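Data block below; observations after.
Residue numbers count from 1 along this sequence. Bear in mind that the values here come from a model prediction, so they are computed numbers and not experimental data.
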Amino acid sequence: MNFTEPEERVALRAAVAELGKKYGHEYYAKQARAGLKTEELWAEAGRLGYLGVNLPEEYGGGGAGIADLAAVLEELAAAGCPLLLMVVSPAICGTVISRFGTDEQKKRWLPGIADGTRRMVFAITEPDAGSNSHKITTTAKRDADGWVLSGRKVYISGVDEADAVLVVGRTEDAKTGKLKPALFTVPTDAPGFEYKQIEMDIISPEKQFGLFLDDVHLPADALVGEEDAAIAQLFAGLNPERIMGASFSLGIARYALGKAVSYANERKVWGAPIGTHQGLAHPLAEIKIELELAKLMTQKAASLYDSGDDFGAGESANMAKYAAAEVAIRAVDQAVQTHGGNGLASEYGLGTLVTAVRLGRIAPVSREMVLNFVGQHSLGLPRSY
């Protein structure tokens, strides 16, 4: 196993870090507080090819893997600009369409997703089902022209910025009568499709929405992939989601740790920098160790996924997402503590992250469900749910 990243990815990280530094957390927080988007950063990242680095070259992408896209997100987050929609548009939706879409679907969606001129978001979560695809009640029925989709979704990111939503619905098995998951592209301007913003206490440019699908008529080619293989197709998108979620948390943890270390070196009390005191130095050192461990697991998950090992990637991606979320929470909390009262002053750029990192324990899969997965699949314990 090689723990040294390829030269191309090292160069990619350096270039993306420069782009992130150009905008910085001050820009990101200012846009978020004003209710604005990070359009300038998103557009520039798209023009430079960073948003579509994982997508096929023939459709405008970079032809690389999820490891490279994860590196892009991590570096932007480490610069204080965590772009949440990278998790859903190029990572989930772009991956699913790349692997299972028709040639026409790829031509229609991938070039715009790659250069950032089009966005597609992802909708699986429902009020009564969470992310349990077996309990989803959004249903798709065939009609003479294609499909009719009805149901509700909740906590769907970035719908107001999206051209379409990749919706997880369920169709009826003609043989058994049972419902099975299926994936559909739904334009956000489709008749019968409505969305309402959910007010959140998170300061972020990306907003959360509830979706209402009231007999939304879709053409036959709105179905992505095979109707009978949707579970496999669904998890082909969820593994990249977890890897990207881990990278999102890793980047924020790096940003917070960097701020804390800088302050601990500069701030002096009783004639010495506060970083000389083990009460601050040891917690920061622990976070550095945990951060490196989480990063290694994230790189392992991405490597397994890019090699085609979906099951192996699933275990590692869950572990990576868990570890990265935990260290991000610790890093931001300790950075605030290191700064004292300044930690919650807008000038220092940490207060906005307190609630943002807490999201990592909840989404895209909860901490408890990761532990359930590891208990059952990694340890062979009886299923607990």
Open item on the list: side chain to side chain donor-acceptor pair (under 3.5 Å) for D309 and S307? Distances and angles first, verdict last.
Closed with: CA-CA 6 Å; D309 185 356; S307 72; 5.5 Å; no
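- Residues L149 and F193 have side chains not in contact (no heavy-atom distance under 4.5 Å, counting atoms from C-beta outward).
- Ion pair E326/R367 flagged as a salt bridge, since at least one NZ, NE, NH1 or NH2 atom sits closer than 4.0 Å to an Asp/Glu carboxylate oxygen.
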Open item on the list: T102 vs E104, test: side chain to side chain donor-acceptor pair (under 3.5 Å). Steps then yes/no.
Closed with: CA-CA 5 Å; T102 63; E104 178 56 36; over 6 Å; no
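- With no hydrogens or angles considered, no side-chain donor-acceptor pair links Q105 and T185 at under 3.5 Å.
- K106 has no carboxylate O lying under 4.0 Å from a charged side-chain N of E58, or vice versa, which leaves the two without a salt bridge.
- Side-chain N/O atoms of S378 and E315 include a donor and acceptor closer than 3.5 Å.
- The salt bridge (charged side-chain N to carboxylate O under 4.0 Å, His left out) test applied to K107 returns no partner, not counting sequence neighbours.
- The existence of a salt bridge linking E292 and K295 is excluded, since no basic side-chain nitrogen approaches an acidic carboxylate oxygen closer than 4.0 Å.
- The backbone N or O of I136 sits less than 3.5 Å from a side-chain atom of R170, completing a donor-acceptor pair.
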TODO: Dump the intermediate steps for side chain to side chain donor-acceptor pair (under 3.5 Å) on E5 and Q299, then the final yes or no.
DONE: CA-CA 9 Å; E5 288 189 315; Q299 291 172 331; 3.1 Å; yes
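- Between E39 and R119, at least one side-chain nitrogen of the basic residue sits less than 4.0 Å from a carboxylate oxygen of the acidic one, meeting the salt-bridge criterion.
- A salt bridge links E75 with R254: at least one charged nitrogen is closer than 4.0 Å to a carboxylate oxygen.
- Atom NZ of residue K141 and atom CG of residue D215 lie 8.5 Å apart, to the nearest 0.5 angstrom.
- The pair D160-K37 meets the salt-bridge criterion, with a side-chain N (NZ, NE, NH1 or NH2) lying under 4.0 Å from an Asp/Glu carboxylate O.
- E206 is not listed as a side-chain neighbour of M200, based on a closest heavy-atom distance of 4.5 Å or more.
- Ring geometry, F373 versus F311: the interplanar angle falls from 30° to 60°, so the pair is classed tilted.
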